[in-house]
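Heads up: the structure comes next, in structure tokens.
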There are 2 protein chains.
Amino acid sequence: MPTRFHLSAFLPYRLAVLSERISRRISVEYDRSHGLSVAEWRVLVHLSRCGAVSVRDIHDCVNLEKSRVSRAVARLEQDGLVSKTPVDGDGRLVAISLTATGRAALDEIVPNARTIEKTLRDSVSPEDLDTFFRVMEQWHAVLDRDPVAKPRSRMDLDGVEGPATPGPRDADGMR
Amino acid sequence: MPTRFHLSAFLPYRLAVLSERISRRISVEYDRSHGLSVAEWRVLVHLSRCGAVSVRDIHDCVNLEKSRVSRAVARLEQDGLVSKTPVDGDGRLVAISLTATGRAALDEIVPNARTIEKTLRDSVSPEDLDTFFRVMEQWHAVLDRDPVAKPRSRMDLDGVEGPATPGPRDADGMR
DNA sequence: TCAATATTGTTGCAAGTGCAATGATATCGA
DNA sequence: TCGATATCATTGCACTTGCAACAATATTGA
């Protein structure tokens, strides 16, 4: 039997293609207007919810390698969108927070992002959307059982559609 | 109104996280055993179906930038998994095809990839899976209507679950 | 026919990325 | 108390990536 394998019917490939297409469409909104990368966008969005947090916290919450977070934060600080202040009580930590400029940038971008997402959500029935998310969660669960797969990040486990409180750590997101 | 935006509830982000997690799990199979990248994996798989094809054809079919294809093919040739031969009749084209070694590599990897995909597919009901794919297609359709979004690639349009014939171009995939 | 245009594949370059190593600081345990 | 270990953020390095420019070849249209 020859190895016949149709890439376009391969689930992981299909998911990657759609995901990348949507991500790219969204990135137009924050790249074109503010020159942001995916990493920078995720950092900004996380900060808008969680206030002053550490690199480690961002790394935990937004599925980015910690070096990627570190560099994204450095670029954002360079551009004046975030500020870093040392944390007293723990000399290793850095508290990263939005500046007024950063918040203004988000206020410009977020409505557009929301609009695109709404268009996608509205294009299918609520039941189908529920099913879609249920399947996604099911596949995450499959991967959770797979010792070879990368573990799921904290916020993706307990944060989805959940309360606005940061999670198991301290309320301010540090420590 | 403050810009409150929950990344973990943001559709594009959720999709990206799941997609990347699954892709990484699959990549373990071809990276660990043969040191392949995503691009190289996609090229190999495409070749296994479509025989001798051009860089342009691969670019069209597997959602990879043409320079990425060109470099992936160069690496694969270096490793002896594919061969490049000039096309007589058109001096610009190169016919890329699997070598015996390349086919052997695929024969090792593909069953594992299939197994993982099957585990995912089997973890949800056929109806839910249908719905999932229907929603994916619907979102592609939304993006198809969006002038800012990147157009869908040819094979993703007409090739899904379709016949084994290469598509609108010549049967050998060249020209 | 042949100049203008298009297509194909590759490459230069700047920027981004993952991984491991590093230095600095905190915490733990005898 | 204090050495061993853990945690945090950054950095070095090799590698990948996207984009634009490029050379080579084909195609087109007057």
*Quick one: A:I58 CD1 to D:dT7 P, roughly how many Å, whole number?*
19 Å

_How many whole angstroms separate atom CG of A:L93 from atom C1' of D:dA6?_
13 Å

*Donor/acceptor link under 3.5 angstrom from B:R56 side chain onto base of C:dT8*: no

*Heavy atoms from other residues, nucleotides or ligands near NZ of B:K118 exceed 12 (cutoff 6.0 Å)*: no

_Atom-pair distance (CG on B:D60; C1' on C:dT7), nearest Å_ = 12 Å

*Just checking, B:R14 and A:F133: is the charged tip under 6.0 Å from the six-membered ring centre and within 45° of the axis?*
yes

*Strictly by modelled atom types, are A:S153 and A:D60 linked by a side-chain donor-acceptor pair under 3.5 Å?*
no

*asked:* What is the separation between atom CG on A:D57 and atom P on D:dT7, rounded to the nearest whole Å?
replied: 16 Å

*To the nearest Å, how far apart are B:H59 NE2 and D:dT17 P?*
15 Å

*What nucleotide among D:dC8, D:dT25, C:dG9 has an atom nearest to a side-chain atom of B:D90?*
D:dT25

*asked:* Less than 4.0 angstrom from a charged side-chain N to a carboxylate O is my criterion; do A:K66 and A:D57 meet it?
replied: no

*For A:R42 and C:dG16, what is the distance between atoms CZ and P respectively, to the nearest whole Å?*
16 Å

*asked:* I want to verify a distance call: between C:dT25, C:dT8, C:dG9, whose nearest atom is closest to the B:R92 side chain?
replied: C:dT8

_Once ring pair (Phe, Tyr, Trp, His ring centres under 6.0 Å) is applied, what residue pairs with a partner in residues 19-38 of chain B remain, sequence neighbours excluded?_
B:Y30-B:W41

_Using a strict threshold of under 4.0 Å (side-chain N to carboxylate O), is an ion pair present between A:E40 and A:R71?_
no

*Which residues in residues 63-86 of chain B have at least one heavy atom lying under 4.0 Å from any atom of DNA chain C?*
B:K66, B:S67, B:S70, B:R71, B:K84

